[in-house]
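Notes follow the structure.
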Amino acid sequence: MATPPGTDPRTTLRSGLPDRYLTPEDLVALFALESVETVYAWRRKRTGPPGIRIGKHLRYDPAAVYRWVQEQADDD
């Protein structure tokens, strides 16, 4: 997993925005998803938080993920 041992992205987002971009694995932990394939399916369908490519890696801006979560809550 891409997160250092003992680092839970959910705790990081609750206490403020992290100082690094999130990985697909971080989103799996954050949203308790079954696998990273769900994150990739969201990206293909353009239904999840907006991701960016950094080289060959897919990353997520924590602020964009937070906004996406707020939008989902507003839609309910």
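What you are looking at is a predicted structure, and each value in this text was computed from that prediction instead of being measured.
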Exercise for the section: I would like to know whether Ile52 and Tyr21 meet side-chain contact (heavy atoms from CB on, under 4.5 Å); could you show each step before the answer? Expected result: CA-CA 10 Å; Ile52 56 172; Tyr21 286 103; 3.9 Å; yes
Exercise for the section: Decide yes or no on side-chain contact (heavy atoms from CB on, under 4.5 Å) for Val69 and Phe31, but give the supporting numbers first. Expected result: CA-CA 10 Å; Val69 169; Phe31 299 118; 3.6 Å; yes
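In terms of heavy atoms, Val39 sits closest to Pro24 at CG2-O, 3.9 Å. In terms of heavy-atom proximity, Val65 sits nearest to Leu22 at CG2-CD1, 4.2 Å. The shortest non-hydrogen separation linking Pro50 to Tyr60 is O-CD2, 3.4 Å.
Inter-residue side-chain proximity for Pro49 and Leu27 is flagged as met; some heavy-atom pair is nearer than 4.5 Å.
Side-chain atoms of Trp68 come within 3.5 Å of backbone N or O of Thr47 as a donor-acceptor pair. Without hydrogens or angle criteria, Arg43 side chain to Gly51 main chain gives a donor-acceptor distance under 3.5 Å. Between the Asp74 side chain and the Glu71 main chain, no donor and acceptor come within less than 3.5 Å of each other.
Around the CD atom of Glu34, the shell of radius 6.0 Å holds no more than 12 heavy atoms that belong to other residues, nucleotides or ligands. Other residues, nucleotides and ligands contribute only 12 or fewer heavy atoms inside 6.0 Å of the CZ atom of Arg46.
Salt bridge present: Asp26 and Arg20 bring a charged side-chain N and a carboxylate O closer than 4.0 Å.
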